[in-house]
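For ligands, and for the atoms within them, numbers begin at 1 and follow the listed sequence. Just so you know, residue 1 is the first one in the sequence shown, and it goes up from there. Note: hydrogens, waters and symmetry copies are ignored here, and every other heavy atom, side chains too, is used.
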Amino acid sequence: MPASPFARVTVLGLGVLGSQIALQVAAHGPEVTAYDIDEAALEAGRGRLAAFSTAAAAQVADPEAYRSAPGRIRLSSDLADAVHEADLVIEAVPERLELKREVWARVGAAAPATTVFATNSSSLLPSAIADATGRPDRFLALHFANHVWINNTAEVMGTQETGPAVADRVQTFAEAIGMIAIRLHKEQPGYVLNSLLIPFLGAAAELLVKGVADPETIDLTWRKATGAPAGPFQIYDVVGLRTAYAIASADPRSAVWAAYLKEHYLDQGKLGVESGEGFYRY
Ligand code: NAD
């Protein structure tokens, strides 16, 4: 594993992915600060760090690094304080373009000029955010997959403005924190992973809302016929139904699916694995 080119890393948003990213980085050496909007959000983030630390420790070869990682993560609800010494900022705030642009404008004003910026956005192009950062040459996407410690791909995707040396450093960083870096040669909505996954999950949603088959049957078909370990609704539960809803409601073609998810799942507090129930009970 190469040494990390960034000694101090700040993660923005301690949700499902941000807490996993913070944990993964802290387990590999760099100093980590994690930011969320207020004390209540940080408290929820603490809970996620503890839960993911236990989950990761049960699945990796060096459990101690993950067990002790939460204790090495500094938490802050003051954005300027969180980024003022960062070498790298990784953003994992909710998947809404205007929110991300607003957060990046604030980070751009508060972070040192040399700090490199990365977004973990799943479905937004970094070029739609780049100018808001004030430093498009130092901005790119670094996209992790859920259960970062085991599903350890990190897609590195710059815009036309990203400096190649910046992308190289972020690739080395990804390798230094135990990831398999996937370098994209150009911008692609959904990167490699979601270019495959989102149409697949969308097709499953369509089968469900059209009443063709239930989630268990659809998942069983996929697992048995392809040898895949999980079906689409098992994947939905792991991704989290809030993220699924955010993606569905951003696309008018999936309005029926968005309404279905809201009525039958979100409004009932069923958010997937994280809440103990989604399409399945955990
Ligand atoms: P989430 O809703 O679980 O977490 C979002 C976090 O951001 C929450 O803790 C929230 O309090 C915080 N937040 C809200 N407003 C904020 C602000 N202004 N500044 C800082 N933090 C703020 O969402 P998530 O699933 O972790 O997704 C976060 C990002 O990661 C999204 O861009 C998503 O596309 C991407 N992503 C998600 C997955 C996944 O499987 N869930 C996978 C890869 C990438």
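The nearest heavy-atom contact from the protein to atom 25 (O) of ligand 1 is Thr243 OG1, 3.0 Å. Protein heavy atom nearest atom 6 (C) of ligand 1, with residue, atom name and distance: Gly15 N, 3.7 Å. The single protein non-hydrogen atom nearest to atom 39 (C) of ligand 1 is Leu17 CD2, 3.3 Å, given as residue, atom name and distance. Protein heavy atom closest to atom 21 (N) of ligand 1, with residue, atom name and distance, is Val93 CG1, 3.4 Å. Scanning all protein heavy atoms for the shortest distance to atom 16 (C) of ligand 1 gives Ile37 CG2, 3.5 Å. Pro94 CD, 3.3 Å is the protein heavy atom nearest to atom 14 (C) of ligand 1. Annotation: atom 9 (O) of ligand 1 to nearest protein heavy atom, Asp36 OD2, 2.6 Å. For atom 43 (C) of ligand 1, the nearest protein heavy atom (residue, atom name, distance) is Phe144 O, 3.0 Å.
The residue Val238 has no part lying near ligand 1, judged by heavy-atom distances below 4.0 Å. The part of Tyr35 lying near ligand 1 is the side chain, judged by heavy-atom distances below 4.0 Å. Proximity of Leu14 to ligand 1, defined as any heavy-atom pair under 4.0 Å, is confined to the backbone N, CA, C and O atoms. Neither the backbone nor the side chain of Glu102 comes within 4.0 Å of ligand 1, counting heavy atoms alone.
Every N/O-N/O distance between Ser123 and ligand 1 stays at or above 3.5 Å. Between Ala41 and ligand 1, not a single N/O pair is under 3.5 Å apart. The N/O atoms of Leu12, backbone and side chain alike, include none that comes under 3.5 Å of an N/O atom in ligand 1. For Glu91, no nitrogen or oxygen atom sits less than 3.5 Å from a nitrogen or oxygen atom of ligand 1, counting backbone and side chain alike.
Nearest heavy atoms, Ala258 versus Ala248: CB-CB, 3.9 Å. Here the closest heavy-atom approach between residue Glu91 and residue Val93 is recorded as OE2-N, 3.1 Å. Closest approach of Phe233 to Ala204, counting heavy atoms only: CZ-O, 3.4 Å. Minimum heavy-atom separation, Pro126 to Phe139: O-CE2, 3.3 Å.
Pro30 is not listed as a side-chain neighbour of Phe6, based on a closest heavy-atom distance of 4.5 Å or more. At a threshold of 4.5 Å between non-hydrogen side-chain atoms, the residues Asp131 and Pro136 do not count as touching. Side-chain contact between Val83 and Leu12 is present, with at least one heavy-atom pair separated by less than 4.5 Å.
Close approach of ligand 1 to Arg242 is summarised as follows: ligand atoms under 4.0 Å from at least one heavy atom of the residue are 2 (O), 3 (O). Residue-ligand proximity, Ser121 to ligand 1, at heavy-atom distances under 4.0 Å covers atoms 32 (O). Atoms of ligand 1 lying under 4.0 Å from any heavy atom of Gly13, numbered from 1 in the order shown and given with element: 7 (O), 21 (N). Distances below 4.0 Å separate heavy atoms of Lys100 from the following atoms of ligand 1: 31 (C), 32 (O). Against a heavy-atom cut-off of under 4.0 Å, Ser122 is close to the following atoms of ligand 1: 33 (C), 34 (O), 35 (C), 36 (N), 37 (C), 42 (C), 43 (C), 44 (C). Within the listing of ligand 1, atoms 18 (N) sit less than 4.0 angstrom from a heavy atom of Leu99. For ligand 1, the atoms closer than 4.0 angstrom to any heavy atom of Val103 are 17 (C), 18 (N), 19 (N). Distances below 4.0 Å separate heavy atoms of Val239 from the following atoms of ligand 1: 39 (C), 40 (O), 41 (N).
By the 4.0 Å heavy-atom criterion, Gly45 is excluded from the residues contacting ligand 1.
Only one option out of Tyr236, Tyr245, Phe279 pairs with Tyr265 in a side-chain contact (heavy atoms from CB on, under 4.5 Å); it is Phe279.
At most 12 non-hydrogen atoms from other residues, nucleotides or ligands lie less than 6.0 angstrom from CD of Gln160.
Defined by atom type and a distance below 3.5 Å, a donor-acceptor pair is present between the side-chain atoms of His143 and Ser122.
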